[in-house]
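Everything on this sheet refers to the single structure shown next.
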Amino acid sequence: LVQGKVLGSLEAIWNPGYLITEHDERRLEALADQAALAITNARLIEEKERAAQAAQASEARYRELFENANDAIITFSVDGVLTSVNRGFEAMTGWPRGEVLGQHYQKITTPASRSLGEERTRRAFAGEKVSSIFETELVRKDGSILPVEARTRLISDSAGQPIGMQGIYRDITLRKQADAALEEEVSIATALARIGRELISSLDTPVLLQRL
């Protein structure tokens with residue numbers, strides 16, 4: 001028994017006719033206790049090994065997803081130092097990870113983006129509920145600006161204390177271009193409608209010709 005739970009049984013066999021003494025019974029009980037402890041320890045070791053294997057498998061799956069994601073993924077400490085980036089980040093921005101790891105994230109963001117990020121981080125660390133999705137900008141290695149949609153979350157330790165942030169960034173250049181084109185079309189259509197109203201209101205032919 002261990003903590004009131006039966007782990008198994010221990011069987012001792014003596015020759016027929018042997019009279020079992022109290023000493024034999026105490027020795028058998030001691031052996032049973034030792035066997036129970038050995039079984040318990042073996043189970044604990046087995047459970048730890050399974051937990052370690054599960055953690056390794058989980059870490060391997062995370063690293064595979066992290067590295068093979070098409071979006072850029074960045075993690076950084078509470079003071080803004082980049083701790084990891086994936087291949088998607090390298091492909092999207094042109095920054096090799098060796099040139100940004102250990103650097104402050106201001107190296108890869110615009111001043112406006114830094115202000116926005118710092119404000120969001122301050123509010124998140126203060127316990128305020130902040131939308132995880134927002135638009136911001138990254139700076140490519142060649143200096144060009146990349147508009148992105150960002151998703152961020154806090155990284156906490158086992159005690160629940162925040163130790164950093166993770167961000168996932170998606171290139172929205174095409175979306176921005178489509179929005180700009182649509183805005184231009186709306187502006188042109190509005191101007192044409194205004195001109196049309198003016199022409200319709202000009203019933204006098206000379207005035208109409210002048211308007212045209």
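Start at 1 with the first residue, then count along the sequence. Here the structure is a predicted model, which means the values were calculated and not measured.
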Rounded to the nearest 0.5 Å, what separation is found between the [atom1] atom of [X] and the [atom2] atom of [Y]?
| X | Y | atom1 | atom2 | answer |
| --- | --- | --- | --- | --- |
| Arg27 | Glu29 | CZ | CD | 12.5 Å |
| Thr93 | Ile74 | OG1 | CD1 | 7.5 Å |
| Arg153 | Gln166 | CZ | CD | 4.5 Å |
| Phe76 | Ile163 | CZ | CD1 | 13.0 Å |
| Arg120 | Ser115 | CZ | OG | 13.5 Å |
| Asn70 | Arg87 | CG | CZ | 11.0 Å |

Main-chain N/O of [Y] paired with [X] side-chain donor or acceptor, under 3.5 Å:
| X | Y | result |
| --- | --- | --- |
| Arg114 | Tyr105 | no |
| Ser187 | Glu183 | no |
| Arg140 | Gly94 | no |
| Ser113 | Thr136 | no |
| Arg97 | Glu90 | no |
| Asn86 | Asp71 | yes |

*Between Thr83 and Ser77, does any side-chain donor sit less than 3.5 Å from a side-chain acceptor?*
no
Trace of the side chain to side chain contact (heavy atoms under 4.5 Å, CB included) decision for Phe89 with Tyr169
CA-CA 8 Å; Phe89 169 84; Tyr169 304 87; over 6 Å; no
Closest non-hydrogen atoms of Glu67 and Val85, given as atom of the first, atom of the second and distance, are OE2-O, 4.2 Å
All heavy atoms of Ile172 vs all of Glu135, minimum pair found to be CD1-CD, 3.8 Å
Next on the checklist: Is it true that, when you exclude Glu184 itself, more than 12 heavy atoms of the residues, nucleotides or ligands shown sit nearer than 6.0 Å to its CD?
Outcome noted: no
Begin from the C-alpha positions of Leu146 and Val139 and carry the test side chain to side chain contact (heavy atoms under 4.5 Å, CB included) through to its verdict. CA-CA 6 Å; Leu146 176 68; Val139 178; over 6 Å; no
Answer yes or no: is there an ion pair linking [X] with [Y], defined by an N-O contact shorter than 4.0 Å?
| X | Y | answer |
| --- | --- | --- |
| Arg26 | Glu22 | yes |
| Lys176 | Glu137 | no |
| Arg170 | Glu149 | no |

Discussion item. Run Glu118 and Arg122 through salt bridge (Lys or Arg N to Asp or Glu O under 4.0 Å) and show every step you take.
Written reply: CA-CA 6 Å; Glu118 289 168 1; Arg122 182 192 64 77; over 6 Å; no
Side-chain heavy atoms of Pro96 within contact of Lys141, under 4.5 Å: yes
In one Ile/Leu/Val/Met/Phe/Trp/Tyr side-chain cluster, 4.5 Å: Val148, Leu116: no
How far apart are the C-alpha atoms of Ile108 and Leu82, what are their side-chain angles, what is the distance that settles it, and do they pass the side chain to side chain contact (heavy atoms under 4.5 Å, CB included) test? CA-CA 10 Å; Ile108 61 169; Leu82 274 69; 3.9 Å; yes
